[in-house]
Protein chains: 2
Amino acid sequence: MITEAMPFVPGLPISSVERETGLSKDTLRVWERRYGFPTPERDANGERLYAPMQVQRLTQIKRLMDRGYRPGKLLALDDAALAALDEARPGVLASPNVQHLDNWMHLVETHDSEALQRQFYREMGKLGLASFVLDIVAPLITRVGEAWSRNEIGIFEEHLFSQHLEKMFRSVLANMSPQQGSPRLLLTTLSGEEHTLGLLMVEALMVVEDVCPVLLGPQTPIDEIVRAAQLKQVDAVCLSFSSAYSPTLSAQGLRDLRQMLPAGIELWAGGYGVKAIRKPIDGVCLMPEFQGLYDCLAKWRTQHGYEPVSASVISLPATPK
Amino acid sequence: MITEAMPFVPGLPISSVERETGLSKDTLRVWERRYGFPTPERDANGERLYAPMQVQRLTQIKRLMDRGYRPGKLLALDDAALAALDEARPGVLASPNVQHLDNWMHLVETHDSEALQRQFYREMGKLGLASFVLDIVAPLITRVGEAWSRNEIGIFEEHLFSQHLEKMFRSVLANMSPQQGSPRLLLTTLSGEEHTLGLLMVEALMVVEDVCPVLLGPQTPIDEIVRAAQLKQVDAVCLSFSSAYSPTLSAQGLRDLRQMLPAGIELWAGGYGVKAIRKPIDGVCLMPEFQGLYDCLAKWRTQHGYEPVSASVISLPATPK
DNA sequence: TAATCATTTTGTCCTAGACAATGTGTTGAC
DNA sequence: GTCAACACATTGTCTAGGACAAAATGATTA
């Protein structure tokens with residue numbers, strides 16, 4: 001990571017720091033009060049001005065928090081101790097197939113765009129779409145997230161990686177026109193959750209299962225989700241939550257939506273973000289793993305009188321029993 | 001728009017209202033104090049609970065504000081007067097080629113996904129990529145935005161439209177591999193600006209001009225933009241701002257970035273969001289229209305000794321004079 | 001070992017005042 | 001009549017410290 005001395009930078013206002021770090025203004029102020037960090041200067045008007053070095057440290061702290069450390073502990077540490085935590089490997093998190101993913105990670109680290117793109121298409125041709133998503137893409141996204149949280153790569157590398165994945169998914173899915181399949185599934189996220197890759201993975205997996213996905217993209221307000229679900233006559237709404245989305249907000253948003261959504265339409269929620277939700281929510285199906293998606297699908301199909309269709313069977317138009 | 005009576009909804013907490021309306025908690029509280037609206041109930045703990053009807057009204061007010069009306073005026077109006085404003089056509093904003101776009105708008109309004117997708121590809125084949133973007137896509141996006149601000153369509157229709165556009169752009173651009181062209185251009189947005197379509201339009205226009213675009217996707221923190229620009233050795237950073245992004249924040253962000261970006265790398269900013277920026281910013285090229293992009297490109301090329309290359313000329317690898 | 005309770009931690013919400021940045025309207029000069 | 005400069009009104013954001021509930025941690029018991 002680059003740590004360059006910046007000339008003539010008196011400091012960033014609190015709104016810029018919120019934008020850069022993702023920490024709310026309230027949190028920044030209360031940390032200052034409780035832990036004595038950060039220690040911003042003040043401008044002529046008494047407003048906070050954060051030194052760039054402190055902003056950098058705040059982003060580092062935020063990253064470590066996403067990894068599970070708690071602020072009270074982190075804010076008491078000095079630079080050296082923080083850097084040491086970056087190195088520490090969380091043995092539990094380490095995904096399987098590590099060996100195999102190392103080659104991919106090398107391409108990500110060196111931002112070798114062309115090679116990455118080529119490799120994606122080759123591997124997909126080799127494994128087929130479903131296996132490619134489940135066995136390569138999903139673990140790889142996890143791995144990239146871990147690498148970022150360990151400060152081995154930056155946001156830049158993560159963004160570039162995501163862009164290539166997205167480009168690949170979209171060009172592949174463009175030619176697999178939505179069939180007349182069942183159930184019909186609305187794919188979107190709540191306002192504030194901007195990650196699209198989860199939705200694209202679900203779309204890819206569901207298309208080959210004869211499901212008819214309607215991709216709405218990220219950040220739909222709940223009343224518009226309700227309207228979309230009714231107009232497009234979907235059987236279920238499927239939301240995706242990344243680990244960055246606060247579990248409190250996820251749960252609150254799911255409750256809000258369940259309240260307004262007609263009872264006949266199911267509500268499925270997936271992604272790393274739902275792992276942190278402890279209490280089950282009435283009328284909401286939480287799917288922390290992709291397996292849950294298949295479970296929900298199978299359950300819906302048996303309840304609605306469809307023969308279970310395996311992914312490996314050539315799919316004819318599904319008909320009610 | 002659907003206005004259904006919701007059962008058992010005591011009200012939404014302020015964080016949900018912020019998520020749904022895009023109005024900050026500070027703003028919601030100060031409106032209540034100053035204008036006497038909204039008038040949330042309180043829960044046992046004294047915290048605000050907003051009635052769903054009021055939330056709906058707040059989103060309507062926000063929409064009208066994006067159209068230029070001021071809060072002080074809007075908050076004094078009753079339901080009927082607000083609805084009347086929705087109808088009022090802003091004659092000035094009306095785009096040219098209205099006649100031609102009507103057919104497209106009909107497809108958007110009826111959420112006819114298949115027809116829309118087909119029509120995109122046909123028209124692109126007919127006009128060529130550059131003309132398609134400049135003469136169809138850009139005005140159509142404006143038109144859709146206006147229709148939304150006039151409450152003729154909802155977020156749902158707008159999202160669906162955007163998704164189809166994005167799918168089309170990405171599958172088309174996937175096969176136009178980045179050349180070795182010059183200048184090298186980094187495409188991204190600041191944190192908080194999630195609109196990707198502007199970036200994709202720029203990528204499409206630049207690819208056919210022999211520029212080598214590096215698409216980073218939306219929401220990159222400024223220090224990572226700096227790092228990406230250096231690692232990918234780009235000649236300029238190009239940011240996109242939608243009209244939803246506050247002009248104050250745009251200007252602040254551009255100043256922040258210009259401060260940290262090496263002087264040798266140019267900074268270009270485009271999109272509707274920069275129209276509202278009054279004062280020019282030192283070392284930043286503001287391009288409210290697409291023409292500005294071509295101007296910046298031509299200027300860079302003459303300054304760096306490249307022959308100007310027209311879009312209509314078959315492009316050979318550009319070489320310094 | 002697993003489940004229940006008590007305790008700390010931590011983010012968000014509260015009030016109400018202040019100010020700067022922007023928008024609007026008015027005056028005056030040409 | 002048109003345009004610049006001014007004064008005034010509007011509006012979002014920032015400040016302060018207190019309060020509380022949800023979540024995480026540690027202690028106790030079955």
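So that the names make sense, note that chain A is the first sequence line, chain B the second, and so on, each numbered from 1. Remember, predicted model here, so these are calculated numbers, not experimental data.
If you check every strand for non-hydrogen atoms under 4.0 Å, A:Arg48 touches sugar and phosphate atoms only. Within 4.0 Å of A:Arg34, counting heavy atoms only, lies at least one base atom of the nucleic acid. Across all strands shown, A:Asn45 has heavy atoms under 4.0 Å from sugar-phosphate atoms exclusively, and none from any base. No contact: A:Ser246 has no heavy atom under 4.0 Å from any strand.
In summary, the side chains of A:Asp66 and A:Ser149 do not present any donor paired with an acceptor at a separation below 3.5 Å, with no hydrogens or angles considered. Judged purely by distance below 3.5 Å, without hydrogens or angles, the side chains of A:Thr220 and A:Thr188 pair a donor atom with an acceptor atom. Between the side chains of A:Tyr272 and A:Thr142, a donor-acceptor pair is found at a separation under 3.5 Å. A donor-acceptor contact under 3.5 angstrom links the side chains of A:Gln54 and A:Thr39, judged on distance only. B:Glu266 and B:Trp268 share a donor-acceptor pair across their side chains, judged by distance under 3.5 Å alone. Inspection of the B:Ser242 and B:Glu193 side chains reveals an N or O donor paired with an N or O acceptor under 3.5 Å.
Contact check, A:Ser24 against C:dG11: no side-chain N or O comes under 4.0 Å of OP1 or OP2. OP1 and OP2 of D:dT11 both lie 4.0 Å or more from every side-chain N or O belonging to B:Thr27. Within the 4.0 Å cut-off from OP1 or OP2 of C:dT12, not a single side-chain nitrogen or oxygen of A:Thr248 is found. Of the side-chain N and O atoms in A:Lys25, none sit less than 4.0 angstrom from OP1 or OP2 of D:dT13.
Taking five base pairs at each end of the helix from C:dT1-D:dA30 to C:dC30-D:dG1 and finding the rotation axis that steps the C1' atoms of four pairs onto the next four gives two axes whose angle is 30°, to the nearest 10°.
Put simply, CG on B:Leu28 is 17 Å from C1' on C:dA16, counting in whole angstrom units. When the C1' atom of C:dT12 is taken as reference, atom CZ of B:Arg19 falls 15 Å away, rounded to whole Å. Put simply, CD1 on B:Ile61 is 11 Å from P on D:dG12, counting in whole angstrom units. Atom CH2 of A:Trp31 and atom P of C:dT9 are 15 Å apart (whole Å). The distance between atom CD of B:Gln252 and atom C1' of D:dT13, rounded to the nearest whole Å, is 13 Å. Rounding to whole angstrom units, CD of residue A:Glu32 and P of D:dA16 are separated by 7 Å. B:Asp43 places its CG atom 10 Å from the C1' atom of C:dC13, with the value rounded to the nearest Å. A straight line from CG of B:Asp26 to P of C:dT15 spans 12 Å, rounded to a whole angstrom.
Between B:Pro40 and the options B:Arg48, B:Glu47, B:Arg29, a side-chain contact (heavy atoms from CB on, under 4.5 Å) holds for only B:Arg48.
In this structure, A:Arg63 fails the cation-pi test against A:Tyr69, since its NZ or CZ atom is not both closer than 6.0 Å to the six-membered ring centre and inside 45 degrees of the ring normal.
Of the two residues contacting DNA chain D, namely A:Ala251 and B:Met65, the nearest-nucleotide position lying further toward the 5' end is that of B:Met65.
In this structure, the nucleotide among D:dA16, C:dT12, D:dT13 sitting nearest to the side chain of B:Val30 is D:dT13. Looking at the side chain of A:Tyr35, the nearest of the listed nucleotides C:dG11, C:dC13, C:dT10 is C:dT10. Of all nucleotides listed (D:dA24, C:dT12, D:dT15), D:dA24 comes nearest to the side chain of A:Arg70. Considering only side-chain atoms of B:Pro71, the nucleotide from D:dG12, C:dT10, C:dC13 that sits closest is D:dG12. Here C:dT15 is the nucleotide among D:dA16, C:dT15, D:dC14 with the atom lying nearest to any side-chain atom of B:Arg42. Candidate nucleotides D:dA16, C:dC14, D:dG17 were compared by shortest atom distance to the side chain of B:Glu47, and C:dC14 ranks first. Listed candidates were D:dG18, C:dC19, C:dC13. Nearest to the side chain of A:Arg33 is D:dG18.
Under the 30°/60° scheme for interplanar angles, the aromatic rings of B:Tyr35 and B:Trp31 are found to stand perpendicular.
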